[in-house]
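First the structure, in the form of structure tokens, and then the observations on it.
Order of listing sets the numbers, starting from 1, for every ligand and every atom in it. Positions are given from 1 along the sequence.
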Amino acid sequence: MTVAKPSARPAQPAAACRVCGGTVSAFLDLGRQPLSDAFRKPDETAQEFSFPLVVGNCRDCSMTQLLHEVPRERMFHAEYPYRSSGSTTMTAHFTAVAERFLAHELGGADPFIVEIGSNDGVMLRTVAAAGVRHLGVDPSSGVGLTAQHGGVRVRDDFFQESTARDIAATEGRADVIYAANTFCHIPYVDSIFAGIDALLRPDGIFVFEDPYIGDILDRRSFDQIYDEHFYFFSATSVRAMARNFGFELVDVERLEVHGGEVRYTLARPGRRRADARVAALLDAEAHRGLAGPEPYERFAREVYAIREDLRTLLTGLREQGVRVVGYGATAKSATVNNFCGIGPDLVETVYDTTPEKQGRLTPGTHIPVAPMAGFRADPAPYALLYAWNHETEILAKESAFREAGGRWIRYVPEVRVD
Ligand code: SAH
Ligand code: TYD
Ligand code: ZN
């Protein structure tokens with residue numbers, strides 16, 4: 001398997017910013033990558049789609065973003081395999097989000113909550129159970145069906161201006177529009193904001209939570225970079241984007257889920273007083289130089305070092321004939337495997353609880369994905385923790401692996417075995 005040279009400079013050094021039209025300067029080229037959630041059937045022979053995964057930072061508005069866009073229909077469709085409810089931590093997280101909206105954000109007589117990217121209904125089913133009017137919008141009809149079975153109303157569609165106008169015309173305006181791990185997937189922010197403007201009540205709020213670039217840099221979690229994650233938000237870039245489209249950033253909350261996220265709340269100008277947390281995070285970002293190139297360039301160097309270390313470790317274990325398996329067939333792992341050249345020769349099987357991924361091969365490097373039972377029935381001495389963002393939950397339920405002498409391999413923030 002060929003691996004790009006550590007000295008490789010991004011083949012394409014710059015592009016136009018999808019938010020402000022300014023100059024996006026590339027800082028890391030992760031090579032050609034497959035679709036991160038396209039788990040392949042073993043008998044499939046068609047050539048896999050691939051695209052150049054290059055990430056850069058806008059010199060003008062500070063938004064970190066991909067330089068190449070993958071057509072949305074390739075990623076989000078009936079067979080999209082990601083299930084939000086696959087983690088008990090995330091399920092509890094979204095139940096709490098719903099309860100908070102129900103308790104604090106529904107002022108009017110006939111409140112209405114819209115979720116963009118409602119997936120299997122993990123958040124909205126609590127809203128539905130409370131008898132509150134709601135609508136999920138999600139183009140992946142497989143996950144949408146699961147949501148509907150849980151009592152959630154879903155529109156099988158991409159959210160964009162036309163969708164939002166149609167919903168506003170038929171169902172009225174929303175008190176809250178919410179998107180978790182979805183807004184960062186959508187390059188066409190102009191259409192999203194036009195849609196939010198059409199659908200949100202004058203006093204309504206648009207709330208979204210996504211991986212935070214500050215945490216990605218600190219934790220060196222380069223595997224957050226893949227086809228679906230188009231933007232990597234900061235308070236600085238979100239404030240600029242919101243202003244550009246007639247909204248104001250009024251709150252930011254740091255979240256521990258998915259390796260560090262921020263929940264942003266936007267409102268129309270003058271409708272809500274900005275929480276002091278906004279200024280505090282903006283100051284912290286200015287202080288660490290997030291608007292300049294240095295933190296991104298340092299990150300790129302650290303990522304190449306991680307690749308070196310991980311390859312050294314895994315090839316060393318292979319030479320000793322020691323078995324290594326993977327834990328969690330995450331979308332993130334596509335970046336790790338394809339950037340570091342990890343195939344079935346280095347990691348024999350990846351175990352995962354998602355039925356839609358089992359019996360298939362990981363994108364690009366074709367490691368078999370198997371049901372979690374095998375992890376316990378046929379324990380290997382080493383397990384590469386691809387689902388590191390769910391570490392607390394996983395280590396609690398897999399304590400027997402460690403007790404039997406098994407060792408976890410981690411690759412963020414550095415390669416470590418314990
Ligand atoms: N909110 C869930 C799901 C995140 S996965 C969670 O946080 O776990 C992202 C979801 O967004 C997928 O279900 C995908 O189908 C959906 N999605 C992608 N683009 C979208 C768009 N333009 N409009 C609405 N949903 C979209
Ligand atoms: P996740 O890290 O949430 O997201 P992404 O795919 O966007 O990187 O994916 C977690 C994957 O790990 C998902 O396929 C389910 C699987 N998983 C397990 O197999 N066991 C577990 O205990 C948990 C929490 C997740
Ligand atoms: Zn910009």
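- Arg133 contributes no side-chain N or O that, together with a main-chain N or O of Ala128, makes up a donor-acceptor pair within less than 3.5 Å.
- Between Arg83 and Glu356 there is a salt bridge, with a side-chain nitrogen of the basic residue lying less than 4.0 Å from a carboxylate oxygen of the acidic one.
- For ligand 2, the atoms lying closer than 4.0 Å to a non-hydrogen atom of Gly328 are 12 (O).
- Of the heavy atoms in Thr353, both backbone and side-chain atoms come closer than 4.0 Å to ligand 2.
- Judged by distance alone, with hydrogens and angles left aside, the side-chain atoms of Tyr351 form no donor-acceptor pair with the main-chain N or O of Val369 at under 3.5 Å.
- For the pair Tyr226 and ligand 2, the shortest N or O to N or O distance falls below 3.5 Å.
- For the pair Arg323 and Tyr382, the cation does not sit on the ring face, since its NZ or CZ is not both under 6.0 Å from the ring centre and inside 45° of the axis.
- Heavy-atom proximity to Thr354, at under 4.0 Å, picks out these atoms of ligand 2: 13 (C), 14 (O), 15 (C).
- Neither the backbone nor the side chain of Tyr386 comes within contact range of ligand 2; no heavy atom lies under 4.0 Å.
- Residue contacts with ligand 2 for His390 involve side-chain atoms from C-beta outward but no N, CA, C or O (heavy atoms, distance under 4.0 Å).
- Atom 23 (C) of ligand 2 has Gly86 O, 4.0 Å as its closest protein atom, hydrogens excluded (heavy atom only).
- Ring geometry for Phe208 versus Phe206: interplanar angle of 30 to 60°, hence tilted.
- Set against the non-hydrogen atoms of Lys357, the atoms of ligand 2 under 4.0 Å away are 13 (C), 14 (O).
- The shortest separation from a heavy atom of His258 to ligand 2 is under 4.0 Å, placing the residue in contact.
- Residue contacts with ligand 2 for Met372 involve side-chain atoms from C-beta outward but no N, CA, C or O (heavy atoms, distance under 4.0 Å).
- For ligand 2, the atoms lying closer than 4.0 Å to a non-hydrogen atom of Lys397 are 21 (C), 22 (O).
- The only option from Lys397, Arg219, Arg410 that meets the salt bridge (Lys or Arg N to Asp or Glu O under 4.0 Å) definition with Glu391 turns out to be Arg410.
- For Met90, no heavy-atom contact with ligand 2 is shorter than 4.0 Å.
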Identify all side-chain donor-acceptor contacts of residues 243-252 below 3.5 Å with residues at least two apart in sequence or on another chain.
unit_1, atom_1, unit_2, atom_2, d
Asn244, ND2, Val19, O, 3.3
Glu248, OE1, Gly270, N, 3.3
Asp251, OD1, Arg277, NE, 3.1
Asp251, OD1, Arg277, NH2, 3.3
Asp251, OD2, Arg277, NH2, 2.9

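- Protein heavy atom closest to atom 8 (O) of ligand 2, with residue, atom name and distance, is Lys332 NZ, 2.7 Å.
- For Phe232 and Tyr212, the ring centers sit 6.0 Å or farther from each other.
- By heavy-atom distance, the residue among Thr335, Asp352, Asn389 lying nearest atom 13 (C) of ligand 2 is Asp352.
- Counting protein heavy atoms only, atom 4 (O) of ligand 2 is closest to Tyr82 CE1, 3.4 Å.
- Atom numbering of ligand 2 starts at 1 in the shown order; those under 4.0 Å from a heavy atom of Glu393 are 24 (C).
- Of the candidates Ala329, Ser84, Ala331, it is Ala331 that places a heavy atom closest to atom 6 (O) of ligand 2.
- At under 3.5 Å, not a single nitrogen or oxygen of Ser87, backbone or side chain, sits near a nitrogen or oxygen of ligand 2.
- Ligand 2 lies nowhere less than 4.0 angstrom from a heavy atom belonging to Glu228.
- Closest protein heavy atom to atom 10 (C) of ligand 2: Thr330 CG2, 3.7 Å.
- Using a 4.5 Å heavy-atom cutoff, the side chains of Leu106 and Ile113 are in contact.
- Rounding to 10 degrees, one finds that the Zn ion (ligand 3) sits at the corner of an angle of 110° between Cys17 SG and Cys20 SG.
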With side chain to side chain contact (heavy atoms under 4.5 Å, CB included) as the criterion, how do Tyr178 and Met123 come out once you've worked through the C-alpha distance, each side chain's angles and the decisive distance to 0.1 Å?
CA-CA 10 Å; Tyr178 176 68; Met123 193 285 279; 3.6 Å; yes
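- Note on Arg74 versus Asp37: no salt bridge recorded, every NZ/NE/NH1/NH2 to OD/OE distance being 4.0 Å or above.
- Between Phe27 and Tyr296, the ring planes are tilted. Angles from 30° to 60° get that label.
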Tabulated below should be the N or O atoms of ligand 1 paired with protein N or O atoms at under 3.5 Å; can you produce that?
unit_1, atom_1, unit_2, atom_2, d
ligand 1, 1 (N), Gly117, O, 2.9
ligand 1, 1 (N), Ala180, O, 2.9
ligand 1, 7 (O), Ala180, O, 3.2
ligand 1, 7 (O), Asn181, ND2, 2.8
ligand 1, 8 (O), Ser84, OG, 2.7
ligand 1, 11 (O), Thr182, OG1, 3.3
ligand 1, 13 (O), Asn119, ND2, 3.1
ligand 1, 13 (O), Asp138, OD1, 3.3
ligand 1, 13 (O), Asp138, OD2, 2.7
ligand 1, 15 (O), Asp138, OD1, 2.6
ligand 1, 15 (O), Ser140, OG, 2.7
ligand 1, 22 (N), Tyr188, OH, 3.0
ligand 1, 23 (N), Phe159, N, 2.8
ligand 1, 25 (N), Gly117, N, 3.4

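- Under the 4.5 Å side-chain criterion, counting only non-hydrogen atoms from C-beta, Trp408 is in contact with Glu398.
- By the 30° and 60° cut-offs, the orientation of the rings of Phe76 relative to Tyr80 is perpendicular.
- By the 4.5 Å heavy-atom criterion applied to side chains, Asn338 and Pro34 are counted as neighbours.
- The aromatic rings of His390 and His258 sit perpendicular to each other, their planes meeting at more than 60°, with 30° as the lower class boundary.
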